[in-house]
Every structure is written in C-alpha cells, then in structure tokens.
Amino acid sequence: MKPAQFEYDDPHTLDETLDLLARHGDDCKVLAGGQSLVPLMNFRLARPARLVDINGVESLSHVTRERARLVIGAMTRHAEVEHSKDVAQASPLLTEAIGWVGHSQIRNRGTIGGSVAHADPAAELPAALAALDATLQVRSRRGSRTLGWKEFFVSEFTTALAPDELVTAIEVPGQDPSTGTAFVEYARRHGDFALGGAAVTLRLGRDGKCENVTIALLSAGPAPVRAEAAERHLQGAKIDESSIRAASAEAVKGLRPTADLHGSTEYRVGLLQTMTERALTTAAARARSNAR
Amino acid sequence: VTRAVLAAETLQGIGASPLRKEDWPLVRGEGTFVADFKRPGMVHAFVVRSPFAHARFAPFDCKATLDAPGVIDVITASDLPDRGRPIPTRQFKDEGSNRFLQRPLADGVVRYSGEPVAVVIADSRYRAEDAAELLRVEYEPLDVVLDPDDAVARGAPLLHPHAGTNVAGHLVVEMGDLDDAFARADLVIKEEFRIQRHAAVPLETRGLLAEYDPKAESLTLWGAAKIPHVNRAILARLLGWADENRVRLIELHVGGGFGARGEFYPEDYLIPFAAIRTGMPVAWVEDREENLRATNQSREQVHRAEMAVKADGTFLGLRDSLINNTGAYVRTHGMTVPALSVSMLPGPYRWPAYRGEFRSVVSNKTPGGTYRSPGRFEINFVRERLVDMAAHRLGIDPVEIRRRNLIDRESFPHDVGTLYDGHPVIYDSGDYALLLEKALAAFDYEAWKLWRAEPAAGGRRRGLGIGYFVEKAGPAEREYARVELNDRGDVMVYTGAASVGQGVETILAQVCASHLGLPYERIAVVHGDTGVIPEGMGAFGSRVAMLGGTAVMRASEQIKKRLLDAAADLLEVSPADLHLTAEGVSVVGAPSRTVSLSRLLSSQGGVIKEEDRFVCELLGFPYGIHFAAVEVDPASGAVHIHRFAVAYDIGRCINPVLVEGQIAGGFAQGIGGALLEEFSFDASGQPLSASFMDYLIPTSEEVPNIEILVTEDAPSPLNPLGVKGAGEGGTAAVGAAIANAVSDALGCEVTRLPLNPQHVVELATA
C-alpha cells in the first residue's frame with residue numbers, strides 16, 4: 001500500500017496551477033484534500049505520473065455570499081462549509097448534507113472541489129448540488145465556463161472537466177427563505193458511503209400545496225439522479241402522507257442502483273424509496289414551520 | 001504533572017484499579033510499536049502475494065526485480081531449505097491435520113488470494129513494492145472451493161490432493177442416550193445456522209524486525225507478541241537450529257492481538273530467514289490490505305442442530321453437526337476452534353443427552369485461527385437461538401425457559417461429558433441461577449420489558465434478547481514467574497505471560513503487591529523477552545491471570561516468607577507476629593521494633609529471588625449473560641442497540657476497571673460480528689472486503705455504552721487466587737443476544753449472522 005512514483009508540483013496561484021494543467025493535463029491529477037485520491041494511489045489503483053497539489057492556492061478557499069447566491073471556492077474544506085453561518089442561512093441543505101460526509105477528520109481535510117471532481121455517485125455533495133440546481137465554475141488556460149450540475153456530473157467518477165480544467169468554485173442559487181429542505185441517507189456505519197439517500201427542497205404555498213420541489217438521490221445511479229417524475233407528481237399537489245408515499249414510489253421507478261456486498265439492487269431501490277419518503281416528510285415539516 | 005504526583009505509594013493490591021503501569025508511555029506518545037522500532041542499516045521486506053485463490057504457477061524469473069533500484073534480494077520457495085518446511089500446529093495437534101500445513105512460500109500452487117509467493121528485500125518499502133510489480137508470475141487458475149458445504153461435496157476440487165479429502169479434522173463427542181431424548185420429546189426444533197467469516201483485525205497490524213549477528217550466530221527478532229517462547233521454539237526448529245537460545249524474541253508495545261496477532265505465520269519464518277540471508281536487519285510491517293488477506297480469519301461455520309424439549313420447557317437432548325471452514329491451510333491452532341465449538345455447545349444447561357460433531361474443511365480462503373471467544377461466539381448463537389425458538393413455540397418466557405434448565409449450584413464441579421484437546425470439560429464452579437437473578441435485578445429487566453411494550457417512533461420495532469453462556473479460561477497448563485526484591489525495596493516481577501495490551505504489568509503487580517505486601521508503585525513487571533525470561537506460555541485464552549497470576553502470587557509469598565523468617569530470627573519473635581511494609585518488617589502492635597528492608601536484604605546477599613511454575617491442567621469456566629434491547633428499522637434494516645448489558649462471573653476480579661475494559665472492548669468486537677463484519681469473496685475466491693471501506697469494524701458511533709455487572713460468586717477452585725480470566729466474555733454472546741432481540745422485534749427466527757441491513761429487511765418482509 002505504497003503509491004507508485006510520481007512527480008510533484010505545489011503551485012501557489014491559480015495561474016501557476018492552470019499553467020501546470022495546460023502542460024501536463026493528461027498525465028497529472030490535482031491533489032486537493034486527498035481523501036479519495038491518496039487511498040486510491042496507495043492501492044495503486046490510481047497511478048498519476050504527476051500530482052499538482054493546490055493546497056497552497058489560497059485564493060480558492062472562500063465562502064462568499066453574493067446577494068442570495070452562495071459561492072464556495074473549490075479548496076474550501078468541508079468543515080468550513082459545515083460550520084459557516086452564511087451557508088447555514090443561505091443553504092441549510094448544504095450544511096445538513098456536509099454533516100454526513102465521512103468523519104470530522106475527513107471533513108477537516110476534504111474539499112468541496114475535490115468531492116465534485118471525484119464524482120463518486122455515493123457522495124453527498126453532488127446530490128445536494130443537484131437538489132439545489134447548483135452550477136460549477138471551471139477554469140483553464142483556454143478560458144472559463146460555468147456548467148450546470150447536470151452537465152458536470154457525467155457518470156461515476158467521470159465529470160465534464162477537460163484534463164487542463166480545474167473546478168474553481170460551486171455556485172448555489174438563492175432560495176426562498178420559506179423553503180424546507182432535508183438531507184437523509186443511510187449507511188452501514190456513521191461516515192460510510194451511503195447505501196442510499198435523498199436531498200429535497202420543498203416550498204409550500206399559502207394553501208399548503210407544493211409550489212416547488214426538487215428531489216435528488218445519491219447512490220441511485222452513475223451520477224446524482226433528479227427524481228423528475230416524482231417532482232412533477234408533487235408539483236401543485238397537497239403534501240401529505242399519501243402524496244409523499246406516491247411520489248417516493250414514483251422516484252425510484254426505473255432505478256437500477258449497482259449491487260455490491262453491502263446491498264442488492266432490490267434492497268437499494270427499497271431504501272431509496274424510504275429515504276425519499278423521509279426526506280420529503282422532513283422537508284415538508286420544515287417548510288410548514290418556516291412559513292409560520 | 002509528574003508521575004510521582006499521579007501515583008501515591010499505596011498497596012493497590014487485588015481488587016483495586018490503580019493507574020495502568022502500561023499507560024505512561026502510551027498516553028505520552030512514547031509507545032514503541034514494531035513500526036516505530038529501527039535498527040541501523042535496516043532494510044525492508046515486501047511479501048508478494050498471490051492474486052488468485054487457487055492456481056498453479058511455474059518457476060518465475062526474478063531478474064528484472066533484482067535489477068530494480070534499491071533491491072537487495074528476492075526470495076522464492078526454491079531458495080528455502082527443503083523448499084520451505086511446513087509450519088507446525090502448536091495447539092490441538094492432530095496427525096491428520098499435518099497433511100494440510102502451510103509452508104512459508106507457495107511452491108507451484110497457491111491456495112488463497114494473499115498467499116506469499118516471494119519476498120522482495122529493498123532499501124525502502126516503496127522501492128520493494130515497485131520492484132515487486134516487475135515479477136512475472138504466470139498463474140494458471142484452478143477450480144475453487146469456497147463454501148464449507150461445497151468442500152465436502154462429492155467431486156469437490158481437492159486443495160491438497162495428496163490428502164485425498166478437504167476434511168482436515170473430524171471429531172464426535174457424545175454423551176447420554178440421544179435416541180431416547182428425541183423419542184421422549186414433545187417438541188423438536190431443527191434448524192440450520194450460519195456464522196459468517198470475520199476476524200480479529202487488531203488495529204496494529206503484524207510486524208517484525210529481524211537482525212542476525214554472524215559472529216554470535218544468533219538472531220534477534222522484535223515484534224513478537226502473544227507467545228514469544230513458543231514461537232522461538234518453532235522458529236529454531238524451522239531454521240534447523242538445535243539450540244533455541246540462539247534465537248531471541250522481544251515483544252514491543254502491542255496494539256491488540258485477540259487471538260490472531262502473535263501466532264506463527266509464514267512471515268515469522270521469512271523475515272528472520274531474510275535477515276540471515278542478507279546479513280542485514282530486515283523490517284516488515286503488514287499493511288491493512290495484507291492484514292485483511294493474510295492474517296488468520298475465523299468464525300465461518302455451518303451448523304445443523306436439533307434440540308429435543310418437553311412441553312414444560314425441560315431440555316432433553318441436543319444434537320449438532322457443524323462444518324468449520326478453516327481456509328486453505330491448517331495453521332498453528334490446529335483444530336482448536338471447532339473443538340471448542342463441539343465441547344462447549346451445551347453451555348450453562350442440563351442436557352441428558354448430547355452429540356456434537358465437527359468437520360473442519362479446507363477451502364480457497366485465507367487460513368483460519370482463533371478469535372476472541374473462539375468457537376464460542378458461534379455456538380452461543382446456535383444454542384441460544386434454539387432455546388429462544390423452543391421458548392417461542394412452547395409459549396414460555398425466554399428468561400423462564402433458561403431458568404428451568406440451568407445447571408444447579410449443587411452440581412459443581414460439573415462434568416459436561418465432552419472433551420477438549422484430550423481433557424474433560426469440567427465446569428469448575430458456578431451458581432448460574434444466582435447470576436441470572438442478580439442480573440435481572442441489577443439491570444432492572446422489568447423496565448426493559450416495559451420499554452419493549454411501548455410503541456416505537458418511525459415504524460421501528462422493539463425487541464429484547466438474552467444470551468446465557470459459559471466461557472473458558474486458561475490453560476496451556478503452566479506459567480513461569482520470578483520475583484526479585486532488592487535492598488532498596490524495589491521489586492522486579494518476571495513473567496512468562498505476554499502483553500497484548502490487556503494490562504499484564506498492572507495486574508501482575510497488583511497480585512504481587514497483595515501477596516508480598518509492598519506497594520504497587522515499587523513493583524516493575526518484565527515480560528516478553530526470551531533473552532531475559534527462561535520460559536513462558538504467553539497470553540491467550542484468558543489464561544494470564546489464572547496461570548501467570550498464580551505463579552506471581554506464589555513466588556511473592558515465598559519472598560515474603562523469607563523476609564519474615566529472616567526478620568523473625570533478628571527480632572526473636574514468631575514470623576506470625578510480623579508485618580511487612582515498604583519500611584521494613586515490624587512486630588505487630590510494636591511498630592518501634594522494626595528491621596529495615598535494606599538490613600534484611602543485606603543479610604540475604606542484597607537481592608532475593610524466588611521462582612515459581614504454576615501448573616493447572618484443567619480449564620476455568622467463567623459464565624455470563626448478555627442482554628440486548630434493540631430497535632429495528634424494517635425499512636432500512638438498521639439495528640439500533642438501545643441498551644446492552646453484560647453480567648459476568650469471573651471468580652475473582654483483580655482489577656475492576658480493566659475487567660470492565662475487557663468486557664466493553666469485547667462487546668465492541670461482538671457488535672462487529674453480530675452486525676457489521678464479514679469477509680466476502682466473489683465466485684473466483686477474490687476477497688471483496690480487502691480494505692476498511694468494505695470490511696466494517698465498529699467505530700465509536702456504532703458502539704453504545706454498556707451496563708456491566710461483574711460478580712465473584714464462584715471463585716475457581718483450580719487456583720489459589722480463585723480467578724478465572726475475563727478476556728472473552730464481552731464478545732461471547734453478543735451475536736446470540738442481538739439475534740434473539742432482532743427475532744423478537746420482527747417476530748421471525750434469525751438463523752444466520754451478520755444481521756446486515758439487507759438481511760434484516762428480508763427478515764422483516766418475509
């Protein structure tokens with residue numbers, strides 16, 4: 001469990017980083033918090049010829065509120081997001097989701113950019129970003145672009161990033177303060193990758209009917225899944241036990257999560273349905289309480 | 001804070017819980033585990049392991065590896081004397097199982113994924129791993145056998161064709177008239193039970209540092225654990241050295257053993273061999289990926305069990321046939337695990353008739369050995385599940401059916417009628433009914449039942465489960481101690497027992513303090529160095545307190561007697577009227593009439609020494625009860641432990657805090673076995689649980705607080721301390737109690753472990 005040989009760079013500015021990526025893109029990996037990459041290297045499952053360590057690029061670490069919008073730099077540690085008052089106010093779903101990421105030691109090192117660029121389908125952050133309709137800022141020597149979460153997360157461990165590109169920030173749009181959100185997941189142990197989970201945002205009208213809902217599932221497919229049929233099912237509907245149950249059944253229709261030694265596809269589908277039900281129930285209760 | 005402030009000079013004898021002697025370096029980050037230990041000129045070994053579970057391979061070319069940067073040597077089977085001599089069993093020896101022994105390196109055939117095929121020695125572990133990738137071993141895969149039932153099936157591929165069978169060991173124990181018992185039964189419960197393969201997984205992996213001195217022709221090996229003297233003998237024999245004193249094994253700090261760490265593995269030969277061959281100190285530290293493929297695994301058993309019972313709940317007979325999957329080779333424990341299973345299945349109950357049979361089979365999985373409560377975690381699950389199934393069918397409360405069948409206090413010593421390694425299993429002492437009543441009261445079991453009757457939130461279901469068990473302690477029937485007292489009043493205790501982190505130094509110092517009469521702080525304990533301690537059996541099977549403790553007790557008493565006799569001469573009084581303290585020996589009731597220790601010692605040549613060898617051929621049998629209260633989420637399959645309690649009678653408690661620590665730690669491992677841990681393999685025998693991402697050991701989040709009741713109602717008559725050993729009772733019935741509680745919660749009958757989420761959902765929806 002020792003990594004194979006690699007070259008190592010530690011740029012201190014974004015420009016230097018983008019230069020290195022432009023030069024070595026295909027052969028190198030960006031080292032952010034290292035919480036996924038380093039174990040993979042130790043198992044020699046990942047064998048990058050070069051590591052570009054961006055821990056010294058301070059400009060990438062920030063949490064910024066731009067009016068209602070939240071912008072979080074790629075090198076911001078999970079723990080900073082978890083404890084940020086700005087995040088808690090602007091996007092309580094993100095705060096709740098981050099709390100499920102690994103253990104505190106992992107959250108102290110792991111970064112927002114690292115998590116999205118790794119694109120593990122069982123990770124919390126991609127699903128939360130999907131529920132929040134977030135976008136990702138991407139830079140390279142060739143320029144910059146902004147990608148929606150759906151364009152960005154292509155498949156398991158695969159993103160739309162070109163080899164010379166770097167995620168520099170995530171952007172979470174503002175949400176109506178009456179929105180109720182919830183993030184629930186189930187893992188065999190605290191801090192393990194979830195066997196299934198759901199992230200929900202839900203806004204209720206004065207009549208108690210659903211004005212807007214988003215449902216995103218993790219560990220449900222190769223990338224975060226938005227349960228659009230279930231969302232349509234709830235849109236404009238009265239939110240109660242039976243509509244939630246029906247929507248949750250709708251949410252998992254057609255899903256074929258990958259089986260492994262911790263759970264079969266059938267088990268995972270059932271779990272996702274339960275997680276959706278629980279997330280919707282909690283989000284609805286929070287929406288009602290926010291409306292008061 | 002200085003050490004002196006922390007530790008007042010008080011006696012701190014048996015029954016006290018002084019600060020552990022072991023902790024001072026550990027809590028200050030000054031521990032020296034084998035990976036911390038360095039020698040000048042040290043080089044590093046990497047063991048190249050088979051990627052296949054069963055394959056043939058031809059001799060392979062090592063040139064590219066030898067030419068790689070930093071590489072010093074490559075060792076394959078053809079480099080070893082006799083192409084590698086088989087590693088012998090040390091316990092439960094059986095001629096038949098000698099056909100299945102492992103050699104240090106695979107020679108033409110690999111039989112499990114992880115089997116050593118070569119050793120690369122280089123100036124760093126990194127370069128050794130780089131160079132190992134250049135070895136080109138051509139494997140030709142063979143059919144695999146994984147499941148214990150498949151291993152005994154007709155036409156099964158044979159792992160060791162010369163043996164003609166995959167059955168490495170077979171034993172039947174029988175007593176009473178079983179046919180009569182089943183003929184008279186009002187109810188027969190018949191069930192198949194499965195316990196999953198899991199393992200000790202100590203947090204400190206194995207490791208060794210070997211150094212050869214060519215002038216003295218002697219070898220020193222650091223990183224020994226558990227059984228240094230036993231392993232010295234095995235190593236000398238495998239090296240072909242007649243004088244085992246040429247080998248010195250030294251124990252450093254040990255981060256957990258639990259049965260697995262410290263046994264003699266292929267590396268325990270290969271690393272010393274590499275040191276001799278290269279003339280350089282060679283270090284090897286197992287990484288976690290190796291640890292989960294190479295270190296002994298345990299517990300995988302299939303049971304077909306049957307129980308005969310009368311309508312009033314009286315047990316009439318028990319029959320069990322089990323297959324134990326011992327993995328690719330028979331390692332040092334021989335048939336220990338399945339033999340303990342069949343000899344201890346009867347548990348705390350009266351059985352007029354019993355028949356237990358095991359077949360221990362080889363398969364293309366990592367070889368097996370003992371793990372905390374070996375053979376008993378498994379059979380406690382089987383028996384306690386059968387008892388609950390009978391209770392459910394007969395409409396008798398699970399506590400009550402146990403109460404009606406417990407062995408009476410008057411029947412002790414109780415001959416179970418089974419044999420273990422040639423010795424009769426005789427429960428030395430006990431009052432099983434008393435412990436049950438005490439535990440029900442201490443844990444307020446009535447309150448548990450009220451909780452059980454209340455509805456749970458969120459669709460969860462509540463259940464209670466208990467598991468009554470008998471544990472075993474000792475023997476490895478002898479232990480050595482030497483106690484030395486100098487004229488400054490400092491005491492050195494040398495023990496043949498070993499430390500695997502459990503607090504040996506502490507408890508032996510307490511025993512010495514009580515029986516010599518000098519304060520705990522004055523007593524130092526030396527262990528785990530074959531160069532300093534002439535003989536010893538080590539630390540396993542909850543034996544240290546029984547065997548090692550008694551040897552220290554008797555040597556301490558001898559020292560005290562010599563001091564008092566010498567003082568009696570000087571003071572011209574009877575030794576019975578004298579009293580020993582740190583200041584010296586004084587006349588009881590006349591403290592002015594004192595003779596100092598230094599004066600007494602100078603009359604004895606400055607230092608007095610006493611040796612003792614305590615021999616006890618019989619096992620001690622502590623006993624206990626686990627109580628589990630769980631909430632099960634039928635939708636996710638989560639099992640939440642609401643309360644867990646352990647009552648344990650250990651005869652006599654030397655250090656209450658350490659006993660509670662043993663129980664709590666054992667419980668944590670039991671949770672792993674009940675809910676989380678499982679070595680899974682794919683159809684080709686590839687391990688799927690080869691990292692901590694997939695092999696789920698419990699963390700602090702998964703281990704709730706437990707309630708503990710330690711009693712001393714049945715001291716062991718087998719040793720003058722009355723102790724029985726307390727290392728394994730925390731683990732013994734966790735699987736049993738949790739399975740019973742989940743069965744209760746879901747109204748089903750659990751028949752296999754672990755209770756992972758998918759399994760629980762299947763039970764809930766069945």
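To find a chain, count down the sequence lines: A is the first, B the second, and so on, and within it residues start at 1.
- Heavy-atom pairs under 4.5 Å with chain B peak, among R188(A), Q5(A), H190(A), at R188(A).
- The parts of P3(A) that come within reach of chain B are both its backbone and its side chain, each placing non-hydrogen atoms under 4.5 angstrom from that chain.
- In this structure, chain A has a heavy atom under 4.5 Å from the side chain of E702(B), while its backbone stays farther away.
- Ranked by heavy-atom pairs shorter than 4.5 Å toward chain B, the options F193(A), F43(A), Y267(A) are led by Y267(A).
- The backbone N or O of L688(B) sits nowhere less than 3.5 Å from a side-chain atom of S680(B) that would complete a donor-acceptor pair.
- Residue S264(A) touches chain B through both its backbone and its side chain, counting heavy-atom pairs closer than 4.5 Å.
- Applying side chain to side chain contact (heavy atoms under 4.5 Å, CB included) to E231(A) and the options V200(A), T214(A), L202(A) leaves one that passes, T214(A).
- Classified by interplanar angle (parallel below 30°, tilted 30° to 60°, perpendicular above 60°), the ring pair Y695(B)/F679(B) is parallel.
- Contacts of A128(B) with chain A are absent, with no heavy-atom separation under 4.5 Å from either backbone or side chain.
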Checking side chain to side chain donor-acceptor pair (under 3.5 Å) for the pair E762(B)/Q758(B): CA distance, chi angles, key distance, verdict?
CA-CA 6 Å; E762(B) 284 162 6; Q758(B) 182 179 328; 3.0 Å; yes
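- Here the rule is side chain to side chain contact (heavy atoms under 4.5 Å, CB included) with R293(B), and of E290(B), E289(B), Q297(B) only E289(B) fits it.
- Of the two parts of F681(B), neither the backbone nor the side chain holds a non-hydrogen atom closer than 4.5 Å to a non-hydrogen atom of chain A.
- In this structure, the portions of I697(B) lying under 4.5 Å from any heavy atom of chain A include both its backbone and its side chain.
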Verify salt bridge (charged side-chain N to carboxylate O under 4.0 Å, His left out) between E133(B) and R47(A), making sure each step is shown before the conclusion.
CA-CA 13 Å; E133(B) 290 189 332; R47(A) 313 176 65 120; 2.8 Å; yes
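- Between the side chains of D694(B) and S691(B), not a single donor N or O lies within less than 3.5 Å of an accepting N or O.
- Of the two parts of R44(A), only the side chain, counted from C-beta on, holds a non-hydrogen atom closer than 4.5 Å to a non-hydrogen atom of chain B.
- Interface remark: D633(B) contributes side-chain atoms only to the contact with chain A (heavy atom separation under 4.5 Å).
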